[in-house]
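Along the sequence shown, residues carry numbers from 1. All figures in this text were calculated on a predicted structure; none of them were measured in a lab.
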Amino acid sequence: MTQELLETMRALRIGRPLVVAIDGPSGSGKSSVSKEVARRLRLAYLDTGAMYRALTWYCVSEGIDLDDTPAVEQASRDFVLELSTSPQEEYVRVGGVDVTEAIREPAISSAVSAVATTLGARTELIRRQRELIERHHRRMVVEGRDITTVVAPGAEVRMLLTASEEARLRRRGIQLGGTQNAEQLAAQVTHRDARDSTVVNFTQAADGVVTLDSSDLDFEQTVDAALVIVTKVLNRD
């Protein structure tokens with residue numbers, strides 16, 4: 001991907017919306033790839049998964065039973081969340097407390113699906129996500145599980161980033177620094193995907209969504225492929 005091409009892409013969208021919506025299963029690399037795509041295109045960046053993790057952390061810290069649907073839904077409306085929307089930095093704060101690292105702990109990873117599948121809480125977080133997109137003048141890369149179909153179905157570019165189960169488990173293991181065994185990795189990746197898929201489909205591309213399979217691609221190749229998709233989609237307009 002040449003710098004000249006990147007400059008052309010930005011020039012095409014100056015003063016106009018450019019939402020790049022990226023969905024995908026756990027371990028597909030969507031967070032790191034989405035962040036780099038946002039950095040190269042000089043767009044804001046939103047990790048919606050961090051919002052679900054932050055709400056999970058809040059519920060656990062407040063002693064809220066994650067099976068108590070009304071309580072979790074109320075918590076989603078009550079908790080005060082701040083998170084970075086810049087691809088150049090990362091922070092997540094809940095009630096002023098920095099939870100950037102805490103929300104990635106295995107205990108939160110294993111509990112987040114209980115929150116993500118609570119429909120009322122999901123509705124509230126989707127409202128917040130849409131609000132953030134508008135606040136950034138609809139110039140943002142947004143990644144998650146239901147971005148292309150629910151949060152931003154009208155995004156200028158929509159893609160599904162996927163990979164084989166083997167590749168996803170391997171990447172998540174590397175991401176966690178080898179601290180998790182095979183059973184723990186499976187719980188974080190395949191088991192979580194199975195539970196989350198009961199409320200949203202993030203394994204098959206909806207109409208108009210371009211699929212990018214990164215199973216045999218490294219990070220740079222995946223970023224380049226994503227940028228090619230952005231270019232092709234925009235050039236069709």
Side-chain angles (χ1 to χ4, degrees), residues 22-28 30-32 34-35 45-86 89-133 135 140 142-147 149-152 168 172 175-177 179-181 183-203:
I22 302 179
D23 285 333
S26 300
S28 62
K30 64 181 181 293
S31 292
S32 55
S34 297
K35 185 179 292 185
Y45 164 72
L46 179 59
D47 175 1
T48 63
M51 299 177 75
Y52 289 98
R53 287 174 173 272
L55 176 56
T56 303
W57 180 90
Y58 175 78
C59 289
V60 170
S61 68
E62 293 293 313
I64 295 171
D65 183 351
L66 299 185
D67 291 325
D68 185 343
T69 297
V72 173
E73 291 176 344
Q74 186 61 48
S76 73
R77 295 186 288 269
D78 291 343
F79 86 128
V80 178
L81 175 66
E82 302 170 74
L83 77 165
S84 169
T85 52
S86 167
E89 62 180 336
E90 180 182 4
Y91 66 79
V92 183
R93 303 186 190 109
V94 176
V97 177
D98 188 332
V99 297
T100 308
E101 299 296 330
I103 64 171
R104 306 294 175 182
E105 292 292 329
I108 299 301
S109 296
S110 63
V112 67
S113 281
V115 169
T117 54
T118 300
L119 296 182
R122 196 169 194 93
T123 297
E124 169 60 18
L125 292 190
I126 289 170
R127 183 194 67 77
R128 295 193 189 205
Q129 291 156 18
R130 288 172 173 163
E131 187 177 83
L132 284 169
I133 294 171
R135 192 179 303 168
M140 176 178 271
V142 188
E143 57 100 347
R145 293 178 180 268
D146 60 354
I147 313 305
T149 55
V150 178
V151 178
R168 293 189 292 118
R172 182 52 59 88
Q175 180 185 25
L176 295 173
T179 59
Q180 308 291 294
N181 61 36
E183 184 177 345
Q184 290 171 316
L185 285 174
Q188 287 201 30
V189 177
T190 56
H191 298 173
R192 181 186 166 195
D193 284 349
R195 183 165 183 179
D196 287 1
S197 65
T198 62
V199 294
V200 62
N201 183 2
F202 51 85
T203 59

Worked check of salt bridge (Lys or Arg N to Asp or Glu O under 4.0 Å) between R77 and E73: CA-CA 7 Å; R77 295 186 288 269; E73 291 176 344; 5.1 Å; no

Derivation of the side chain to side chain contact (heavy atoms under 4.5 Å, CB included) call for L125 and V115: CA-CA 11 Å; L125 292 190; V115 169; 5.5 Å; no

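You'll find the side chain of L46 reaches within 4.5 Å of the side chain of M51, heavy atoms only. The shortest side-chain heavy-atom distance between S109 and R53 falls under the 4.5 Å cut-off. For the pair I108/V99, no side-chain contact is recorded, criterion being any heavy-atom separation below 4.5 Å from C-beta on. Put simply, the side chain of L55 does not reach to within 4.5 Å of the side chain of V94, judged on heavy atoms. Considering only heavy atoms from C-beta on, T48 stays 4.5 Å or farther from V151 through its side chain.
Separating the CG atom in D47 from the CD1 atom in I22 is a distance of 11.5 Å, to the nearest 0.5 Å. To the nearest 0.5 Å, atom CZ of residue R128 and atom CD1 of residue I133 are 14.5 Å apart. The line from CG of D68 to CD of Q74 is 11.0 Å long, rounded to the nearest 0.5 Å. Distance check: S34 OG to M140 CE gives 12.0 Å after rounding to the nearest 0.5 Å.
In this model, a donor atom of one side chain and an acceptor atom of the other lie less than 3.5 Å apart for E143 and S31. For the residue pair R122/T117, the side-chain donor-acceptor check at 3.5 Å is not satisfied.
Annotation for D23 and I147: closest pair OD1-N, 2.8 Å, computed over non-hydrogen atoms. Here the shortest heavy-atom pairing between A54 and L81 reads CB-CD1, 3.7 Å. Of all the heavy atoms in A121 and S76, the pair that sits closest is CA-OG, 3.6 Å. In this structure, W57 and I103 approach most closely via the heavy-atom pair CB-CG2, 4.0 Å.
Checked against side chain to side chain contact (heavy atoms under 4.5 Å, CB included), S86 has the following partners two or more places apart in sequence or in another chain: S84, Q88, E89. Every residue two or more places apart in sequence or in another chain that forms a side-chain hydrogen bond (donor to acceptor under 3.5 Å, both in side chains) with R135 is listed here: E131. Not counting sequence neighbours, the partners of T100 by the side-chain hydrogen bond (donor to acceptor under 3.5 Å, both in side chains) test are D98. Annotation: ring pair (Phe, Tyr, Trp, His ring centres under 6.0 Å) contacts of Y58 (sequence neighbours excluded): F79. Every residue meeting the salt bridge (charged side-chain N to carboxylate O under 4.0 Å, His left out) condition with E90, not counting sequence neighbours, appears here in chain and number order: K35, R104. For R93, the salt bridge (charged side-chain N to carboxylate O under 4.0 Å, His left out) criterion is met by E82, not counting sequence neighbours.
In this structure a side-chain-to-backbone donor-acceptor pair under 3.5 Å is missing from T85 to Y45. R130 places no side-chain N or O within donor-acceptor distance of the main-chain N or O of A152, the cut-off being under 3.5 Å.
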